[in-house]
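We count ligands from 1, going down the list as the structure has it; atoms in each ligand are counted the same way.
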Amino acid sequence: MSEHDSPLIKSIAVVGGTGKEGSALAKRWALKGYRVIIGSRSAEKAVATVTELNEELGSAYLAAMVNEEAVQNADLIVLSVPYSAHKPTLESIKAHLDGKTVIDLTVPLAPPAIFTVTVPEGKAACLEAQAMLGESVNVVAAFQNVSAVKLANPDNDVDCDVLICGDNADAKADAVALAEAAGMRGVDAGPLANAVAVEALTPVLLYINKTYKVKGAGIRITGLAD
Ligand SMILES: NC(=O)c1ccc[n+]([C@@H]2O[C@H](COP(=O)([O-])OP(=O)(O)OC[C@H]3O[C@@H](n4cnc5c(N)ncnc54)[C@H](OP(=O)(O)O)[C@@H]3O)[C@@H](O)[C@H]2O)c1
């Protein structure tokens, strides 16, 4: 394993890490030397997913736990669940998040209308998370615009940027490091309030995928130095 990019992050719990987006990111971070725990509502499902992923990676890179245990054993949390499960999942882990960073990649989609922007009651899933968790938790928005299809094979080049929004500079720096560890450029896109725009881009990308018959259209910010 190689050294990971942020010495401040020792371990990551991916809540909902049995799913498409979370498992794909988890593999990439584990390969970069982070200790990654796949969290699930079900211990059996977590173990089954981790067994499969570790077989694919060729070594016991990932650990399996129920979400609550995963969060207690991690320095940084990544929340990767459907919007319909966002609030109940946060309620289930809230007691263990004090002082930690939560990177929330939930997109407030309203299936079947996934090609149209849905603005939730709290304006953005990330803002709803921050309101629920309070000021002792640093919520960061990231990875909403990155397709699991592109991430799934860790050898694939993921040709896009990751927009990162948050109100705590250190927490955003951790997210930038994790974007880079997963093979992308992390771009500071401002305060958490800007997550409204970042989350809203995903249905736009899904519409573009459908219209141009592609998988995993992404975004790239031009005009920045490399
Ligand atoms: N897929 C993508 O390409 C992509 C790209 C960017 C952003 N996102 C966003 O990332 C989040 C996760 O996406 P995903 O595609 O990984 O989702 P997913 O595979 O459908 O679900 C992720 C995990 O959420 C957990 N979960 C908790 N409560 C649930 C419920 N009520 N119904 C279904 N699953 C529940 C499940 O884990 P357990 O059953 O193990 O608890 C599931 O494996 C979503 O908000 C999505 O919009 C996805």
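- For Phe143, no nitrogen or oxygen atom sits less than 3.5 Å from a nitrogen or oxygen atom of ligand 1, counting backbone and side chain alike.
- Using a 4.5 Å heavy-atom threshold, the side chains of Asp174 and Asp170 count as separate.
- At least one heavy atom of Ser147 sits less than 4.0 Å from an atom of ligand 1.
- Scanning Lys20, Lys45, Arg41 for the heavy atom closest to atom 30 (C) of ligand 1 points to Arg41.
- Counting heavy atoms closer than 4.0 Å to ligand 1, residue Gln144 contributes backbone atoms (N, CA, C, O) but none from C-beta onward.
- Here the protein heavy atom with the shortest distance to atom 9 (C) of ligand 1 is Leu105 O, 3.5 Å.
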Anything under 3.5 Å between a donor and an acceptor, one on a side chain of residues 46-53, the other on a protein residue two or more places apart or in another chain? List them.
| residue | atom | partner | partner atom | Å |
| --- | --- | --- | --- | --- |
| Thr49 | OG1 | Lys45 | O | 2.9 |
| Thr51 | OG1 | Val47 | O | 2.7 |

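- Counting only heavy atoms from C-beta outward, the side chains of Tyr61 and Val36 never approach each other to under 4.5 Å.
- Judged by distance alone, with hydrogens and angles left aside, the side-chain atoms of Lys20 form no donor-acceptor pair with the main-chain N or O of Val149 at under 3.5 Å.
- Each of the atoms 45 (O) of ligand 1 lies under 4.0 Å from some heavy atom of Thr106.
- Summary of contacts: the protein heavy atom closest to atom 12 (C) of ligand 1 is Ser80 OG, 3.4 Å.
- What sits closest to atom 1 (N) of ligand 1 on the protein, heavy atoms only, is Ala148 CB, 3.7 Å.
- The nearest heavy-atom contact from the protein to atom 11 (C) of ligand 1 is Val81 O, 3.4 Å.
- Between Leu109 and Tyr83 there is no side-chain heavy-atom pair separated by less than 4.5 Å.
- Checked by atom type and distance alone, the side chain of Gln144 never pairs as donor or acceptor with a backbone atom of Val198 at under 3.5 Å.
- In this structure, the protein non-hydrogen atom closest to atom 42 (C) of ligand 1 is Thr18 OG1, 3.8 Å.
- By the criterion of a heavy-atom distance under 4.0 Å, neither the backbone nor the side chain of Val149 is placed next to ligand 1.
- For Gly186 against Val176, the heavy-atom pair with the smallest separation is O-CG1, 4.1 Å.
- When hydrogens are left out, the protein atom nearest atom 47 (O) of ligand 1 is Val107 CB, 3.4 Å; that is the closest non-hydrogen contact.
- Interface atoms of ligand 1 facing Gly19, defined by a heavy-atom separation under 4.0 Å, are 16 (O), 19 (O), 22 (C), 43 (O).
- Counting heavy atoms from C-beta outward, Leu133 and Lys94 have side chains that approach closer than 4.5 Å.
- Where the criterion is an N or O separation shorter than 3.5 Å, residue side chain and backbone included, Ser84 fails it with respect to ligand 1.
- Considering Pro82, Ser42, Ser40 only, the shortest heavy-atom separation from atom 33 (C) of ligand 1 involves Pro82.
- Minimum heavy-atom separation, Ala142 to Ile103: CB-CG2, 3.9 Å.
- Interface atoms of ligand 1 facing Ala85, defined by a heavy-atom separation under 4.0 Å, are 27 (C), 28 (N), 29 (C), 30 (C), 31 (N).
- Asn168 places none of its side-chain heavy atoms less than 4.5 Å from the side chain of Thr101.
- When hydrogens are left out, the protein atom nearest atom 2 (C) of ligand 1 is Glu21 OE1, 3.3 Å; that is the closest non-hydrogen contact.
- Put simply, the side chain of His86 does not reach to within 4.5 Å of the side chain of Pro108, judged on heavy atoms.
- When only non-hydrogen protein atoms are considered, atom 23 (C) of ligand 1 lies nearest to Gly16 O, 3.5 Å.
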